[in-house]
Amino acid sequence: MDDVVDANVKALGGGDGEILNIGTGRGISVNTVFVKLKEMSGYRKDALPAPLPLGDLRKIYLDNRKAKTSLGWQPKTSFEEGLVKTVQWFNSPAENPLL
């Protein structure tokens with residue numbers, strides 16, 4: 001079971017309606033995500049630098065300790081593993097209804 005599904009299933013039996021952050025608790029830049037996805041997918045174009053949109057946060061790190069305490073949940077999927085699964089899903093006609 002993947003992390004977000006696992007967290008939601010655990011929330012069905014706990015959490016008392018609290019708002020919880022589900023994630024690794026580590027920040028990753030959009031530039032890092034782009035470079036990794038570019039490598040994994042074979043995408044050939046460069047990123048198009050742009051100013052930060054008004055209202056967007058430059059950095060955010062969501063603390064998942066409350067989910068660990070309230071639900072007994074913790075992430076099992078690494079950032080890289082999650083990206084691999086995402087690329088595989090997007091490239092699989094059997095999985096991706098968009099293809």
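Because the structure is predicted, anything quoted here is derived from the model rather than measured.
Connectivity analysis of hydrophobic side chains (ILVMFWY, heavy atoms under 4.5 Å, direct or indirect) links Leu71 to Val4, Leu20, Ile22, Trp73.
Within the model, atoms NZ of Lys66 and OG1 of Thr69 stand 10.0 Å from one another, a figure rounded to the nearest 0.5 Å. Distance check, rounded to the nearest 0.5 Å: OG1 of Thr86 to CD of Glu81 gives 10.5 Å. One finds the NZ atom of Lys85 at 9.0 Å from the OG atom of Ser78 (value rounded to the nearest 0.5 Å).
Side-chain heavy atoms closer than 4.5 Å link hydrophobic residues (I, L, V, M, F, W, Y) into clusters, and following such links, possibly through other members, connects Leu37 to Ile28. Under the 4.5 Å side-chain contact rule for hydrophobic residues, Val30 and Leu57 do not share a cluster. Cluster membership for Val84 and Val33, using ILVMFWY side-chain heavy atoms within less than 4.5 angstrom, is shared.
In this structure, the side-chain contact (heavy atoms from CB on, under 4.5 Å) partners of Phe34, at least two apart in sequence or on a different chain, are Lys38, Tyr43, Ala47. Every residue was checked against the side-chain contact (heavy atoms from CB on, under 4.5 Å) condition with Asp16, not counting sequence neighbours, and none meets it.
Here the closest heavy-atom approach between residue Lys68 and residue Pro75 is recorded as CE-CD, 4.3 Å. Annotation for Asp63 and Arg65: closest pair OD2-NH2, 2.5 Å, computed over non-hydrogen atoms.
Among the candidates Lys36, Glu39, Met40, the single residue satisfying the side chain to side chain contact (heavy atoms under 4.5 Å, CB included) test with Val87 is Met40.
Under the 3.5 Å distance criterion, the side-chain polar atoms of Asp3 are matched with a main-chain donor or acceptor of Lys76. Put simply, the side chain of Ser92 never gets that close to the backbone of Gln88: no donor and acceptor are under 3.5 Å apart.
Ile19 CD1: 12 or fewer foreign heavy atoms inside a 6.0 Å radius.
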